[in-house]
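Predicted model only: the values in this text are computed from it and were never measured.
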Amino acid sequence: MAVIISYRLTSWNLPYVAYVKAFGKCHDQASPFGPAGTTPPYLNIPSPGAASSAHQTSDPSPTTKLVHHKRALDRSSLLLQGRHRELLTISSREDRITLTDYFHDFYMYSFVTAKYWGKGPRRWTPAVISALTLGSSDRRLEALQAPSQLCRWLIYVPRINYEHIPDIPDSNPDAERDDLDPNSLNFWQEWPSDPGSSYTEVIHESITHGSFSRIPSDTLPLSTQLITESVRQHSKAVELDAWKMAIMSGNVELLVTLWEKEEALPEKIADIHPIHLAATFLDGANTGCRMIAELISMLPWMYLRNYPLDDLDHTLLDKFMINILRSHTSVYPEEVSNAFNPPHRFPGEEKNNCGRWDADSPVIRALFCSGYSRIPNDWKHAFCHTAIQAICHSSIAIYGSSLSPDINALSGLFVRRCGHCGLQLKLGPLHALVVVTFYLAHRGMSGETLFGPLAILVCLMSIGADPLLKTNMSVEDILGTAEPDRCHHRPLDALDLMEAVPVSLQQTWTSKCHTGWLCITEIFRMHRDRPTAAVDDSSESDEESISEPHHPVCQLEERIIGAELHDEWLKWPRPKPKLALLWATIQAELLTYRRIKIGDGWMSENFSMTALNDWLEGKSATFKTPLVERDMLKEYSTCCGWFLCAGFPTPTAGDVCETHFMNMDIYDRTTFHPQQDITDTWMDMAMEEES
């Protein structure tokens with residue numbers, strides 16, 4: 001009996017025509033999609049003659065039946081072990097198409113059911129899924145057009161206790177729903193409190209009966225009996241699949257339901273790297289940091305430290321950097337990580353980080369069904385505030401606790417090896433951010449300002465990222481200009497890396513990108529130019545004169561927390577004085593502005609990058625931007641830049657603004673969620689550690 005690795009069954013996220021493009025022929029491997037080789041000239045295989053009438057209708061011999069059965073068992077075993085490329089390699093083209101599209105149907109069924117769990121149909125049929133995600137045949141050509149360039153967004157609101165008034169429940173929720181119109185109001189009715197079957201049971205039933213696809217299961221070149229028996233005997237593995245799809249679909253409520261039902265984590269939860277998975281499928285328009293925060297609260301308190309890397313040796317910060325490059329640049333996947341060659345696509349391309357498309361969107365399904373496996377560059381846009389805010393808040397949730405993984409761990413992206421001495425060259429986390437910044441400026445989308453990497457840099461440094469960390473690296477190897485007969489690498493910090501970027505490349509950038517680059521350079525420079533403390537030759541002893549340095553008063557500690565935020569609890573650093581104000585203005589900008597229509601700026605008029613650069617370079621004594629000059633900010637800690645509110649890691653607009661000036665009150669583009677209070681989880685983790 002094959003050992004089932006169930007979460008592999010929901011890994012078929014592309015139809016066959018797109019799968020071929022993603023997993024094409026590699027230089028060092030046989031392609032599972034190429035044509036069969038020609039017959040060698042030394043072999044002479046005559047064509048069989050016409051079958052006699054006596055044998056035309058004869059059944060396969062017992063031996064032939066045994067051979068076919070053995071092949072079906074072998075293929076099923078490969079499927080259940082997740083060895084999909086081997087399975088497709090030994091299959092004919094027709095079988096490859098059937099297998100890929102059949103299990104892609106299962107992926108779509110599992111995704112749609114997870115995403116809309118709690119409303120809409122109780123049982124999704126292939127016809128209803130097709131109506132929702134593909135539309136009618138006359139709409140499919142229209143679906144190939146590029147989606148809107150305008151984002152959606154998430155607004156956190158203060159938590160208010162209220163009694164939810166449910167919709168009128170469907171009178172016949174279990175009826176066949178092939179005739180339902182996804183555009184009708186009745187289609188999305190909420191379910192009653194007890195749905196009957198759990199999500200895990202629903203997908204378990206669908207895979208055993210094959211009800212998710214229009215492709216008959218008896219046409220598969222597999223042993224469906226073996227698959228059914230394996231699924232039944234490994235029901236815990238199906239539960240792992242359920243968690244995976246809840247995370248990928250962004251249904252936080254379903255995840256909580258799965259957790260509460262079992263009151264325990266699925267076995268081998270680490271195999272799916274749940275937080276890395278949530279970072280890959282980050283959705284700033286619908287869930288923000290909620291999925292990651294919920295997972296952190298559910299997982300053991302040492303999980304993040306014990307599993308800082310996924311199976312590709314990527315950190316959680318790497319996942320955010322990949323998200324940026326995937327959505328906002330024209331960089332190829334193989335330039336970022338060798339793990340993406342193959343597949344020649346970034347993980348999670350089917351979900352947009354600012355809510356413009358998802359795996360079930362007609363535009364995405366039409367794109368993949370047309371043979372594309374990657375998102376076209378003309379669908380992408382500049383690094384937007386919705387995506388920036390989601391990455392900042394998620395980074396705080398992950399790295400803010402004193403029990404978090406090492407924020408300064410080396411990156412698994414842009415890894416190079418010296419062609420002369422063979423030394424592996426890895427970047428630090430802020431070095432990787434610098435490379436991402438370079439690509440946003442050099443190969444980013446129209447309108448890019450580099451406000452995004454600036455905001456992420458200040459955010460990461462506020463929770464402990466080291467701007468002076470040095471690692472062995474080579475700019476020449478990253479840019480592909482290194483000469484193989486000598487070593488180019490040397491210890492560099494992030495500022496060294498920025499200063500090593502050739503001026504000739506910078507000259508091709510827009511003025512906005514150039515200004516943003518200069519601002520980031522100055523932030524790194526202010527940390528390198530650390531003043532040396534003067535020694536006062538007075539009555540104090542030498543021991544007293546070198547005692548702990550004087551720290552500015554942190555109003556957040558004194559008036560909100562009532563504990564040592566910087567030295568004891570979270571151990572966040574006290575940033576440079578200018579960075580406290582900068583971090584406060586960045587938070588206000590992210591919480592109050594979005595691009596409403598085509599032609600609007602990617603930043604508001606309240607935040608000026610030019611004024612910031614003048615202030616950082618010393619050309620101006622103050623930060624002459626409207627947020628500061630017009631006193632638009634509420635009180636924040638002048639020590640660290642966090643606003644004086646209970647939910648300071650993820651404040652609301654009301655927590656940071658003196659008056660209401662946000663432009664985001666557009667309800668059909670907004671998702672509202674209660675403010676995420678990650679500090680409760682951090683306290684629980686600390687208490688578990690102490691006990």
Side-chain angles (χ1 to χ4, degrees), residues 2-15 76 79-82 84 99-130 132-133 173-174 176-177 191 194-215 217 220 222 224-262 264-269 271-272 274 277-278 281 291 350 358-360:
V3 177
I4 186 171
I5 308 179
S6 177
Y7 66 89
R8 301 291 188 184
L9 294 179
T10 51
S11 298
W12 301 76
N13 58 341
L14 295 173
S76 301
L79 170 75
L80 295 172
Q81 295 176 61
H84 297 164
L99 286 168
T100 306
D101 289 346
Y102 182 80
F103 287 106
H104 177 63
D105 286 345
F106 179 63
Y107 169 84
M108 288 306 307
Y109 173 86
S110 302
F111 182 91
V112 169
T113 303
K115 181 175 179 178
Y116 301 109
W117 186 263
K119 61 182 178 181
R122 296 277 205 92
R123 292 289 189 271
W124 288 88
T125 65
V128 177
I129 292 176
S130 178
L132 175 70
T133 65
D174 295 317
E176 289 295 327
R177 312 305 293 253
W191 299 354
D194 181 12
S197 300
S198 70
Y199 174 70
T200 305
E201 292 167 342
V202 168
I203 62 171
H204 183 285
E205 178 186 346
S206 71
I207 192 63
T208 55
H209 292 89
S211 57
F212 54 84
S213 178
R214 288 170 167 160
I215 299 174
S217 58
L220 298 175
L222 300 170
T224 54
Q225 180 183 359
L226 176 59
I227 295 173
T228 300
E229 290 176 358
S230 296
V231 170
R232 285 174 178 166
Q233 292 181 13
H234 298 82
S235 58
K236 291 294 184 182
V238 180
E239 184 185 352
L240 190 63
D241 243 338
W243 277 64
K244 174 187 171 185
M245 297 311 296
I247 294 169
M248 292 171 64
S249 68
N251 192 333
V252 179
E253 287 71 26
L254 172 58
L255 186 76
V256 172
T257 299
L258 294 171
W259 162 256
E260 291 176 344
K261 179 177 176 60
E262 299 296 333
L265 296 167
E267 295 178 10
K268 299 183 179 180
I269 184 67
D271 286 358
I272 65 170
L277 187 66
F281 289 87
M291 182 66 74
E350 59 269 29
D358 204 348
D360 64 326

*Is it true that the side chains of Lys261 and Ser198 contain a donor and an acceptor less than 3.5 Å apart?*
no
*What pairs with Tyr102 under side-chain hydrogen bond (donor to acceptor under 3.5 Å, both in side chains), at least two apart in sequence or on another chain?*
none
*asked:* Which residues pass the side-chain contact (heavy atoms from CB on, under 4.5 Å) test with Ala114, not counting sequence neighbours?
replied: Tyr199, Met245, Ser249, Leu254
*Sequence neighbours left out, what passes ring pair (Phe, Tyr, Trp, His ring centres under 6.0 Å) with Trp124? Give chain and number order.*
Tyr116, Phe187
*Step by step, work out the side chain to side chain contact (heavy atoms under 4.5 Å, CB included) result for Arg123 and Val202.*
CA-CA 8 Å; Arg123 292 289 189 271; Val202 168; 3.6 Å; yes
*Do any pairs count as a side chain to side chain donor-acceptor pair (under 3.5 Å) and have a residue in residues 203-213, sequence neighbours left out, and if so which ones?*
Asp105-Ser213
*Will you find, in the side chains of Ser110 and Lys244, an N or O donor that is under 3.5 Å from an N or O acceptor?*
no
*Indicate the atoms forming the closest heavy-atom contact of Ser230 with Leu80, along with that distance.*
OG-CD1, 3.3 Å
*Test salt bridge (charged side-chain N to carboxylate O under 4.0 Å, His left out) applied to Glu201 - qualifying residues, sequence neighbours left out*: none
_Set of residues satisfying side-chain contact (heavy atoms from CB on, under 4.5 Å) with respect to Asn13, sequence neighbours excluded_ = Tyr107, Arg345, Glu350
*asked:* If I compare all heavy atoms of Asn251 with all of Trp117, which pair ends up nearest, and what's the gap?
replied: ND2-O, 3.5 Å
*By side-chain hydrogen bond (donor to acceptor under 3.5 Å, both in side chains), which residues pair with Thr133, not counting sequence neighbours?*
Arg365
_With Asp358 via salt bridge (charged side-chain N to carboxylate O under 4.0 Å, His left out) - residues at least two apart_ = Lys115, Lys351
*Before giving the answer on side chain to side chain contact (heavy atoms under 4.5 Å, CB included), spell out for Leu79 and Leu9 the whole-Å C-alpha distance, their side-chain angles and the decisive distance to 0.1 Å.*
CA-CA 8 Å; Leu79 170 75; Leu9 294 179; 4.1 Å; yes
_If the condition is side-chain hydrogen bond (donor to acceptor under 3.5 Å, both in side chains), which residues does Glu267 pass it with, not counting sequence neighbours?_
none
*Quick one: salt bridge (Lys or Arg N to Asp or Glu O under 4.0 Å) pairs with a partner in residues 245-259, sequence neighbours left out?*
Glu253-Arg290
